Amino acid sequence: MKQLLIDAFRIKGLTLTVIPPCSGEKIRAFALIVCLSLQSCWFEKPPKPDPEFKLTSTANIDYKPLQALLRERQWKAADRATFEILLKISQREAEGWLSQADVETLDCEDLHTLAKLWNYYSDGRFGFIQQQKIWESVGGVIGNYKPEIAEKFGDRVGWRRQGQWKSYEKLNFSNWAAEGHLPATTGNGVSGGVWNGVASITHRLKYCHLVDALASQQWVTADWKTLELLEPYREDTRSATASLLINKIPCSELQEIDRLWLKYSNKRFGLSVQTAFLRATGNDPNEVNWDHYAQFEKAVGWFQFDHKDMSYNGVEPQTVPPGHFPYRIGYSYYTFGSGFNRTWRMGLDPTCGFY
């Protein structure tokens, strides 16, 4: 044991000429400390090369200082820098916190740049993307803050201990912190810097492209963005031509897409609006009746409609047939030729309430 300590100190560049007599337990404990210290040096990863993606910013943010912190794994400083960037984007530097309305208008491009930087330099261990996965894994719905879900999330990522929230200074800013532990300055329950914390930030991250298109009445663009959101539910996510598993789309996903379409179209578009027309034209979710379905298609303006048509972009919703959107979810490559599944609207999970 004595020789182990001498060798350990020699590796560390230190000298140890005398090992005082002490119990075997003390020597073993001391050796463990030394070995752990050595382990942190031996297994320290070299800094990662710069990523291939560009550090784009609509808000004219210079991301190089944050990138340098992440590259050197200065997690605490990177955490604080991330929050400062969010405040700057929202012009809330004086207030020092973000409201729900502030989060809902965070610049989409900048938010995705932040997410990609954290995901890349932590090898997928930290960042908003990982936090979204964990929030959902503990039973949460992004955008829907519930204290009991926040507590489960806090327990999972190490923000809580023995039923109590840790103070910010007690968090773990090492490479061995729990997955999703950082960034923490944006997490409700730790700093209070962002209203509804992870639930609101990850919702904006996931849906910002769709929301921004809807808010600017770019209905066709929003339609394609809706389809993009459902890419994880293809038979093979590596193939753009794999069939979309319509009946496997979670109800929570469909309900949020429906809520957003209803909100920004003044209730003219959305799955709920389509449901009313399906029922009015006598469609049965258990069996496709082509005559009845054709009546539905005519009612919502889908009959002989080309899914490549972009003419409904930038127009008032009243000029478009009610229930027309979302439409391009049917662009699923379920059929040969056009790749458009004409009866996709009959394929949704019937328990989701859209029949």
Side-chain angles (χ1 to χ4, degrees), residues 59 61 66 69-70 75-108 110-119 122 124-173 177-208 210-211 252-253 255-256 259-260:
I61 301 293
L66 173 60
L69 293 172
L70 291 170
W75 303 118
K76 188 173 184 178
D79 187 32
R80 294 186 179 278
T82 297
F83 187 50
E84 291 299 322
I85 289 173
L86 293 176
L87 292 175
K88 186 174 182 179
I89 292 172
S90 304
Q91 298 181 341
R92 297 277 297 179
E93 294 160 290
E95 290 80 1
W97 59 280
L98 299 179
S99 68
Q100 183 71 41
D102 296 323
V103 175
E104 290 176 355
T105 57
L106 282 172
D107 185 84
C108 195
D110 284 88
L111 193 56
H112 275 268
T113 296
L114 284 170
K116 287 188 290 186
L117 278 171
W118 273 93
N119 191 64
S122 70
R125 190 172 187 82
F126 304 141
F128 301 138
I129 296 172
Q130 181 65 15
Q131 288 177 344
Q132 176 188 324
K133 294 177 182 177
I134 296 173
W135 183 269
E136 293 176 324
S137 74
V138 296
V141 176
I142 61 172
N144 185 11
Y145 177 84
K146 291 184 177 181
E148 61 271 22
I149 297 299
E151 291 175 359
K152 290 181 180 180
F153 178 88
D155 292 336
R156 176 74 66 83
V157 303
W159 290 357
R160 284 164 48 91
R161 183 182 182 187
Q162 297 179 345
Q164 299 295 321
W165 292 97
K166 296 179 180 179
S167 67
Y168 185 76
E169 295 303 323
K170 294 293 185 180
L171 297 181
N172 187 347
F173 296 99
E179 291 187 355
H181 192 75
L182 300 171
T185 51
T186 54
N188 184 280
V190 175
S191 71
V194 177
W195 192 260
N196 288 348
V198 170
S200 60
I201 286 282
T202 56
H203 182 274
R204 177 60 180 162
L205 177 69
K206 180 175 181 177
Y207 292 104
C208 64
L210 171 59
V211 168
S252 59
E253 186 77 79
Q255 289 160 358
E256 183 58 16
R259 186 188 72 82
L260 292 172

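Just so it is clear, the structure is predicted and the values come from calculations on it, not from any experiment.
Residue-environment remark: NZ (Lys76) exceeds the threshold of 12 foreign heavy atoms within 6.0 Å. The environment of CD in Glu148 is crowded: more than 12 heavy-atom neighbours from other residues, nucleotides or ligands sit within 6.0 Å. Within a 6.0 Å sphere centred on CZ of Arg259, heavy atoms belonging to other residues, nucleotides or ligands number more than 12.
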Task: Stepwise side chain to side chain contact (heavy atoms under 4.5 Å, CB included) check, Ile201 with Leu106 - done: CA-CA 9 Å; Ile201 286 282; Leu106 282 172; 3.9 Å; yes
- [ ] Kindly indicate, with the supporting measurements, whether the criterion side chain to side chain contact (heavy atoms under 4.5 Å, CB included) is fulfilled by Leu117 and Thr82.
- [x] CA-CA 10 Å; Leu117 278 171; Thr82 297; over 6 Å; no
- [ ] Determine, step by step, whether Glu253 and Lys206 satisfy the side chain to side chain contact (heavy atoms under 4.5 Å, CB included) criterion, reporting the C-alpha distance in whole Å, the side-chain angles of both residues, the deciding distance to 0.1 Å, and the verdict.
- [x] CA-CA 11 Å; Glu253 186 77 79; Lys206 180 175 181 177; 2.7 Å; yes
Open item on the list: Does His112 form a side chain to side chain contact (heavy atoms under 4.5 Å, CB included) with Cys208? I'd like the steps, not just the answer.
Closed with: CA-CA 9 Å; His112 275 268; Cys208 64; 3.6 Å; yes
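In terms of modelled atom types and a separation under 3.5 Å, the side chain of Gln131 and the main chain of Gly180 share a donor-acceptor contact. A donor-acceptor pair under 3.5 Å links the side-chain atoms of Thr185 to the main chain of Asp79, judged by distance alone. Side-chain atoms of Asp155 never come within 3.5 Å of backbone atoms of Arg160 as a donor-acceptor pair (strictly under, hydrogens ignored). At least one donor-acceptor pair closer than 3.5 Å links the side chain of Asp110 to the backbone N or O of Ala59. Looking only at distances, a side-chain donor or acceptor of Lys166 sits under 3.5 Å from a matching main-chain atom of Gly158. For Ser90 (side chain) and Leu87 (main-chain N/O), no donor-acceptor pair under 3.5 Å exists by modelled atom type. The closest donor-acceptor contact from the side chain of Trp159 to the backbone of His181 lies under 3.5 Å.
In plain terms, the two heavy atoms of Ala115 and Leu205 that are nearest each other are CB-CD1, 3.8 Å. The two atoms that bring Ala178 and Phe126 nearest to each other are O-CE2, 3.4 Å, heavy atoms only. Closest of all the heavy-atom pairs between Ser200 and Val103 is O-CG1, 3.4 Å. Contact record, His203 with Ile142: CD2-O, 3.5 Å, taken as the closest heavy-atom pair. Scanning all heavy atoms of the two residues, the minimum distance from Leu69 to Ala81 falls at CD1-CB, 4.1 Å. The nearest pair of heavy atoms linking Gly127 to Trp118 is CA-CB, 3.7 Å.
Here the options are Thr105, Leu111, Asp102, the test is side chain to side chain contact (heavy atoms under 4.5 Å, CB included), and the partner is Arg204; only Leu111 passes.
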Please list, one pair per line, the donor and acceptor atoms closer than 3.5 Å that link side chains of residues 133-140 to other protein atoms, with sequence neighbours excluded.
| unit_1 | atom_1 | unit_2 | atom_2 | d |
| --- | --- | --- | --- | --- |
| Trp135 | NE1 | Val141 | O | 3.3 |
| Ser137 | OG | Ile134 | O | 2.8 |
| Ser137 | OG | Arg156 | NH1 | 3.3 |

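The distance between the ring centers of Tyr168 and Phe173 falls below 6.0 angstrom.
The line from CD1 of Ile85 to CD of Glu93 is 11.0 Å long, rounded to the nearest 0.5 Å. For the atom pair Leu114 CG and Leu86 CG, the distance stands at 5.5 Å (nearest 0.5 Å).
Applying the side chain to side chain donor-acceptor pair (under 3.5 Å) criterion to Asn119, with sequence neighbours excluded, gives no partner residue.
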